[in-house]
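Heads up, the thing below is written out as structure tokens.
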There are 2 protein chains.
Amino acid sequence: MHCELRTMTDSVKAGPPGIGQTTLADVAALAGVSTSAVSRTFTPGASVAKKTRALVLDAAKNLGYRPNAIARTLSTRKSRIIGVVVSYLHNQFYPTVIERLSQLLQAHGYHVLLFINSDTSSSDEEMDALLPDILQYQVDGIVLASTMMSSKLATHCRSVGIPVVLFNRVAPVKEASTVTSDNYEGGRLAAQILLERGARRIGFISGLEDSSTTQDRERGFLDELTRHHKRLFARISGEYDFTLARAATCEIFHRSKRPDALFVANDHMAFAVIDALRIDCGLDVPKDVQVVGFDNVPQAAWGGYQLTTIEQDSEQMARATVAILLKHIESGIAVPQRVVTPVRAIMRATTLSI
Amino acid sequence: MHCELRTMTDSVKAGPPGIGQTTLADVAALAGVSTSAVSRTFTPGASVAKKTRALVLDAAKNLGYRPNAIARTLSTRKSRIIGVVVSYLHNQFYPTVIERLSQLLQAHGYHVLLFINSDTSSSDEEMDALLPDILQYQVDGIVLASTMMSSKLATHCRSVGIPVVLFNRVAPVKEASTVTSDNYEGGRLAAQILLERGARRIGFISGLEDSSTTQDRERGFLDELTRHHKRLFARISGEYDFTLARAATCEIFHRSKRPDALFVANDHMAFAVIDALRIDCGLDVPKDVQVVGFDNVPQAAWGGYQLTTIEQDSEQMARATVAILLKHIESGIAVPQRVVTPVRAIMRATTLSI
DNA sequence: ATGAAAGCGCTAACAT
DNA sequence: ATGTTAGCGCTTTCAT
């Protein structure tokens, strides 16, 4: 007998009151088949007779049936949810990435659960507090695009068997995959650009000192300077923050001997640096001071700045991230990968033309 | 007897292999109590003896137990997930809002499932296709911050009994709550600013024609002009798009008689408009043309633009949204609310000083 | 191809 | 205060 425990009363009136979603059982009852038949109908590669399928589909439509992803998750242990952790969204690079990530994931039937980890000076404890939160949702994978993060985090995730991709940062953890651009090469390019244009007193505005991005960019930058027998003239940290970068710039330029060129660890700070130069110091960019940024966020192309910068290919980085994630999830095997996407110089108006 | 069906083998080795999360039952077994005792221990307002609680907590820690939010959701019918739908993240207003929304929600134990609905000319069909996706996850509430949306959508959500907040847009649906700023008043303010500064030939660059924001802003703007016996000199649509706005501006300024002031429906387009004016048309802002934007996104304060604009208080809007959502969710009652937050003029350098 | 039944991990009466 | 026992909605053997 198809005597369901659950009455169909609330499902039948699929209208306004709406409480009590219609379930598989409701559909099965209406179609006069078993719940498994209904389940199979909604499972891509299952064997269902055409007739049964039609019956089910019809009943489902009449009832306005919507599969419950939560119940499915409990059963299959696949949530089709990817946790994405970011620190803040002020720097347009991240919104851009999130947008692409979300689109690509959506196209594969996955969705993004967003975690913002923006407490200032977010340290290991911070991050560790977020972990239980994100793990509770049984996410199928995690993208860590947070500026800082606990090394424990990645380790722990892996121990739970969840694929993790470190986005735009590497960590002293061998267990997680990473996707970064070629920050070292980008730093070298920045140096070359400035050197070629006759810069003599070259400064560097760093990002967060602990971040791998700022470290790699600086290494590449310094190595290239050294190769040309040049030394860094000034260095100060902007901590990837707009306000701090502006203040830092003012500080440097209030000294007696000033830089005539600046490599700024990311575009977001570069805008602040240019503002400081032009407004606070009354200097001309690029005549008095040349500036090179990093990222090529949309605003770098805006008329108000026209920033020469090193482009990170966010599109390619997002694709790589999704590819790694899906491969790990679908194959079950988790060989940590390290993808490094190429960078390229985008010449605009904050550097002199040759 | 505490004879669990499930062996504890995989839970005990809580290390690397990590498959087979430890469950409530595992903890109960180790602690020598029932599963309900464990459940209660992890439920804020439950009655558990101190001793039992300690026992459970201890066992849980030893096993590295993490509650499974999915299972809890299935049982309680509360996912503590809020679906947030946005069209795109190019306009910094949205990242700013998402960040705040996410933080506030996180503080209340809720999380954001992000949906990007960025297919160009996203119409009703678009939006309707997203709905099943989002509903499947049994979200407790929905924030619709998408530029366009099907009126069916809001209606449907309500029919399912899910609280919906229309963010920064109103719709011809009475069932959903809305949170907007006072767009009409903002439009009036913009007109006043321009009028006070002697603008004679005033133009308007609109956003998406179907959006309530652009409509309300324009109405307020026009009403105020009328009140001063002034007429609109030019009008063209920028569809809230950077590139289109730039092109639209060029088009207007290639005509023989040019505007001497422009109200642009949002900041994002205003930046493009200023670029067009300065770069493509060789005009001075504000001397030749004054410009007023809308939103007060972070970049409006940047030195490269220093845009005079009408501020939408994203913080307050986010707070209102979360308040409405939580109230509906927690009380179960769903009286649609309409919150309108005040706007204010931010005077900067794209308008003349008086 | 289909159905019966046993879970997935947790919560919530209900009983004690 | 604690344990027992039904589910929550779906998937998945295992029979048939």
Side-chain angles (χ1 to χ4, degrees), chain A residues 1-8 10-11 19-29 31-56 60 63 65-80 135-138 140, chain B residues 1-8 10-11 19-29 31-56 60 63 65-80 135-138 140:
Chain A
M1 290 174 59
H2 293 300
C3 174
E4 299 299 328
L5 294 169
R6 195 160 178 292
T7 72
M8 278 183 53
D10 42 28
S11 331
I19 311 287
Q21 288 271 33
T22 77
T23 76
L24 257 191
D26 295 328
V27 178
V33 298
S34 74
T35 59
S36 3
V38 180
S39 174
R40 286 193 264 260
T41 302
F42 289 99
T43 307
S47 57
V48 197
K50 247 190 184 141
K51 201 180 118 196
T52 315
R53 171 183 211 76
L55 230 48
V56 170
L63 261 31
Y65 170 69
R66 298 186 183 298
N68 180 329
I70 296 297
R72 191 209 306 276
T73 296
L74 190 57
S75 191
T76 61
R77 302 154 153 293
K78 257 94 189 56
S79 63
R80 300 195 81 87
L135 253 22
Q136 283 198 343
Y137 285 100
Q138 315 299 110
D140 288 344
Chain B
M1 292 176 54
H2 292 301
C3 172
E4 298 299 328
L5 294 168
R6 193 157 180 294
T7 72
M8 280 183 50
D10 41 30
S11 330
I19 311 286
Q21 290 270 36
T22 77
T23 77
L24 256 192
D26 296 328
V27 177
V33 298
S34 74
T35 59
S36 6
V38 181
S39 175
R40 284 192 265 261
T41 303
F42 288 99
T43 306
S47 57
V48 198
K50 246 188 185 147
K51 200 180 118 195
T52 315
R53 172 182 210 76
L55 230 50
V56 170
L63 261 32
Y65 170 69
R66 298 187 183 298
N68 181 329
I70 296 297
R72 190 208 308 273
T73 296
L74 189 57
S75 189
T76 61
R77 302 155 152 290
K78 256 94 189 56
S79 63
R80 301 195 80 88
L135 254 23
Q136 282 198 344
Y137 285 100
Q138 314 300 111
D140 289 344

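Remember, it's a predicted structure, so these values are computed and weren't measured experimentally. Every chain is numbered from 1 and lettered A, B, ... according to where its sequence line falls, protein lines coming before strand lines.
Ranking C:dA4, C:dA1, D:dT2 by closeness to the A:Ser34 side chain, first place goes to C:dA4.
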Below 3.5 Å is the cut-off: list the nitrogen or oxygen pairs between protein and nucleotides 11-13 of chain D, distance only.
from, atom 1, to, atom 2, distance (Å)
D:dT11, OP1, A:Arg72, NH1, 2.6
D:dT11, OP2, A:Ser39, OG, 2.8
D:dT11, O4', A:Ser75, OG, 2.7

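Rounded to whole angstrom, the span from the CG atom of B:Leu74 across to the P atom of D:dC10 amounts to 9 Å. Rounded to an integer number of Å, the gap from CZ of A:Arg77 to P of D:dC10 is 18 Å. When rounded to the nearest whole Å, the span between CD1 of A:Ile70 and P of D:dC10 equals 11 Å. Per the geometry, OH belonging to B:Tyr137 stands 14 Å off P belonging to D:dC10, to the nearest Å. We find that CG of A:Asp26 is positioned 13 Å from C1' of D:dC8, with the value rounded to whole Å. Whole-Å rounding puts the A:Gln138 CD to C:dG9 C1' distance at 9 Å. In this entry the distance linking CD of A:Gln21 with P of D:dG7 reads 20 Å, nearest Å. For B:Asn68 and C:dC10, the CG to P distance is 5 Å, given to the nearest whole Å.
Here the CG-CZ distance, from A:Asn68 to B:Arg77, works out to 8.5 Å after rounding to the nearest 0.5 Å. Taking CG of A:Leu24 as the reference point, atom CZ of A:Phe42 lies at 7.5 Å (rounded to 0.5 Å). Atom CD1 of residue B:Ile70 and atom CG of residue A:Leu74 lie 8.0 Å apart, to the nearest 0.5 angstrom. Once rounded to the nearest 0.5 Å, the distance linking CD of B:Gln21 with CD of A:Gln136 reads 10.5 Å. Atom-to-atom distance recorded for B:Gln138:CD and B:Arg80:CZ is 16.0 Å, nearest 0.5 angstrom.
Under the rule for a side-chain contact (heavy atoms from CB on, under 4.5 Å), the partners of A:Thr41 that lie at least two apart in sequence or sit in another chain are A:Val48, A:Arg53, A:Val56, A:Leu57.
Closest of all the heavy-atom pairs between A:Asp26 and A:Thr22 is OD2-CA, 3.3 Å.
Between B:Thr52 and the phosphate of D:dA1, there is no side-chain N or O to OP1/OP2 separation shorter than 4.0 Å.
The residue among A:Ala69 and B:Ala49 whose nearest nucleotide of DNA chain D lies closer to the 5′ end is B:Ala49.
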